[in-house]
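Below you'll find the structure, written out as structure tokens, and then a few comments.
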Amino acid sequence: MKIDYEKELNPAQYEAVTRREGVFLVIAGAGSGKTRTLVYRVAKLVESDIPPESILLLTFTRKASLEMLHRSSMLADDRCNRVSGGTFHSVGNLLLRKYGSAIGMSPGFTILDSSDSQDCLGILKTEKGYGKEIKNFPKKSTLSAIFSFSINKRMPLNLVLAKAYPQFLFLLEEITHLKAAYSEYKKKHNLVDYDDLLVLFKELLESPEIQEKVQRQYRFLMVDEYQDTNILQAEIINLLGRGHNNIMAVGDPAQCIYSFRGANFGNIMEFERFFPDLQVIKLEENYRSTQKILDVCNALMAPAREKFAKNLFSKIKKGKEVPAVVGSDSPAEEAYFIVDTIEELTHTLSLPLNDIAVLFRNSFHSFELELELNKRNIHFVKYGGFKFVETAHIKDVVSHLRVVANPNDAVSWTRLLLLMDGMGPKTAAKVIQQIQALENPFALTKLKGFEKFRKPLHDLEQLFRHITAADRPPSLIIEKVLDYYNPALESKYDDFPKRKRDLDQFLGIAAKYKKLDQLLADMALEPPNASRNGALADAKTREEHLVLSTVHSAKGLEWHTVFVMGANEGSFPNPYAVEDEEELEEERRLFYVAATRAKERLYFTFSTLKKDRYGNFYSAPPSQFLHPLRENGLVKKLGSWEYF
DNA sequence: CCTCGCTCATTTTTT
DNA sequence: ATGAGCGAGG
């Protein structure tokens, strides 16, 4: 079964799929078949006997790459599943474990997720005494944000402070000192945070010997969601690709929504600077949405400062349903409207629940809706926001696994020691200092002093005796840790039964892993995506369900019917963003991304009265982003929309 | 010196 | 629901 590329693709897609050598930038508007193009291109390369291992597909999440490769293999053959794919972070992780010794790293490093790196900064802040001595010293989360901003935007600390945190400018010296201490601490304890993964990835590729090796391994590079990469990632692409110059980057400047992470559409310029022979291919025709929806999307972007592209258009999807703007008097009413409409669609039109999504700016915007869905027994899965793996009880358990994998991981040691009664950060630091000097880091009864903790340290040693022996499968280790952790869990949390269920789920996930290292890397880099409010296990997600999602997590996806809820000033755009023109523009693009997810039906809902956390009502006008929709019959107005 | 429990304030988006 | 800040008590 040969693929008829010419018939199944439009001319621009066909060109992108069939051109092989060279550097290409594919500018692809929303719904223009970007994924389809990448899928066919992988199939085409594999079909023409390019070894799949020599193709590298860099995507935004690993799920995205797995899905694409799966589709490619359905199209062509199984070899597509052997294509290397993943995020910049995960590829960096793999290469650093393999070749990291070339730049002085040891392969057993632990990856710190953002809350771990914040814990680490907290430890150092206390150690330096900054928190106590200096009033209003930045919180650990702020420190982490400052450092990350500085690295991802390539901006020295003094400029970061001047631009984003002028109130801390007088602490420049202390903050600079802390940053150095943080780097040193990570190095000493074999720890790597998210930013380090990119920085070190780049450093690794700068070693000529490694660079050549890696370039020889990956002969064809494809980069998805290019608009959301930052300077560091652009440099990595450059280093990966300049040996052979076979690169295809795909992106849509109008959908750049990660500039808070240093993403910058100006990267396209960098790309041109690195590769002057760059050829641009444009995918313009939309295959996803009805023209009525596209008209609305185009109108949303009309006031944008940058005129990125010309308007989205569809030749094939006529559709008669006019998108709606729905005003309500209260959040409860907004929720009723959404749930009523969903029931109507599923009952009278027999639309599968899977074809519907509700999108919002912030994870907590859906609380009211979740209550109503639960009341009416509508099954949903929520994406974005607080993640399952970030909850305290999961982190507690994981910290035990991490010291097994890297006994040098002082952040995890601190976390698990703090679980003991009477143990605080100071004592933990002293314990860890001694542990580092031990020949066997788990021989805790050998520690001098700490009489008060003789019993708990003994118990912990027993635990480690069980779980460090030989090459145990992760699930077995976790079972032992759970037994050990249970008393602490029950005394620490009143809601322990719920947390226990979470831990059981975690055990279920871990059972799929044979190697502890792999489990830990995935926990940090590709955690289960659903947040903890909704269902989590795969079995559950396979059931028919409604999707609730932040717009960020909905990137790249599409549904028959989409509700964009909380379209209020104060919610969407995010109030933090309205003062800064650039940030407001990003909110606009985010709103646009939300709207472009819809294929057939699109609703914007808002409530003119909102509740603050004490239950007091305040009035919130409809989002300014809805203003362009007021005229021309672009949308129908439902509910109480007199303010609109 | 250190930990613990109380109170008050606070929540963007993600690898 | 969580985190920081503060003061009491071990």
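So you know, we letter chains A, B, ... as the sequences are listed, proteins then strands, and number each from 1.
Distances from the side chain of A/Lys140 to the nucleotides B/dT12, C/dA4, B/dT14 place C/dA4 closest. Here B/dT15 is the nucleotide among B/dT15, B/dT12, C/dA4 with the atom lying nearest to any side-chain atom of A/Thr61. Checking B/dT15, C/dA4, B/dT12 against every side-chain atom of A/Lys139, the shortest atom distance belongs to C/dA4. Distances were taken from every side-chain heavy atom of A/Ser363 (C-beta onward) to each of B/dT13, B/dT15, C/dA4; the shortest belongs to B/dT13.
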Would you tabulate the side-chain donor-acceptor contacts of residues 416-434 of chain A under 3.5 Å, counting partners in other chains and residues two or more places apart, or write 'none'?
unit_1, atom_1, unit_2, atom_2, d
A/Gln434, OE1, A/Lys448, N, 3.0
A/Gln434, NE2, A/Lys448, O, 3.0

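Along DNA chain B, the nucleotide nearest to A/Ser90 and the one nearest to A/Phe364 differ in position, and the one closer to the 5' end is contacted by A/Phe364.
Applying the side-chain hydrogen bond (donor to acceptor under 3.5 Å, both in side chains) definition to pairs two or more places apart or across chains, those involving residues 232-241 of chain A are A/Arg154-A/Glu235.
Under the 30°/60° scheme for interplanar angles, the aromatic rings of A/Phe591 and A/Phe604 are found to lie parallel.
A/Arg588 and A/Phe625 get closest at one heavy-atom pair: N-CZ, 3.5 Å. A/Leu96 approaches A/Phe201 most closely through the heavy-atom pair CD1-N, 4.1 Å.
Distance, A/Glu587 CD to B/dT12 P: 12 Å, rounded to whole Å. Atom CD1 of A/Ile394 is separated from atom P of C/dA1 by 17 Å (rounded to the nearest Å). With rounding to whole Å, A/Leu525 atom CG is found 16 Å from B/dT14 atom P. Rounded to whole Å, the distance from CD on A/Glu127 to C1' on B/dC1 is 17 Å. One can place CG of A/Leu198 at 13 Å from C1' of B/dT14, the figure rounded to the nearest angstrom.
Each of A/Arg261, A/Lys555, A/Arg589 was checked for a salt bridge (charged side-chain N to carboxylate O under 4.0 Å, His left out) with A/Asp228, and the lone residue meeting it is A/Lys555.
Taking 4.0 angstrom as the limit, A/Ser553 places a side-chain polar atom (N or O) nearer than this to OP1 or OP2 of B/dT14.
Judged by atom type and distance alone, A/Arg361 reaches the base of B/dT13 through a side-chain donor-acceptor pair under 3.5 Å.
Across all strands, A/Asn362 comes closer than 4.0 Å only to sugar-phosphate atoms, never to a base (heavy-atom distances).
With a 6.0 Å cutoff to the six-membered ring centre and a 45° limit on the axis angle, A/Lys186 counts as a cation-pi contact of A/Tyr182.
Contacts of residues 414-430 of chain A with DNA chain B (heavy atom under 4.0 Å): A/Asp421, A/Gly422, A/Met423, A/Gly424, A/Pro425, A/Lys426, A/Thr427, A/Lys430.
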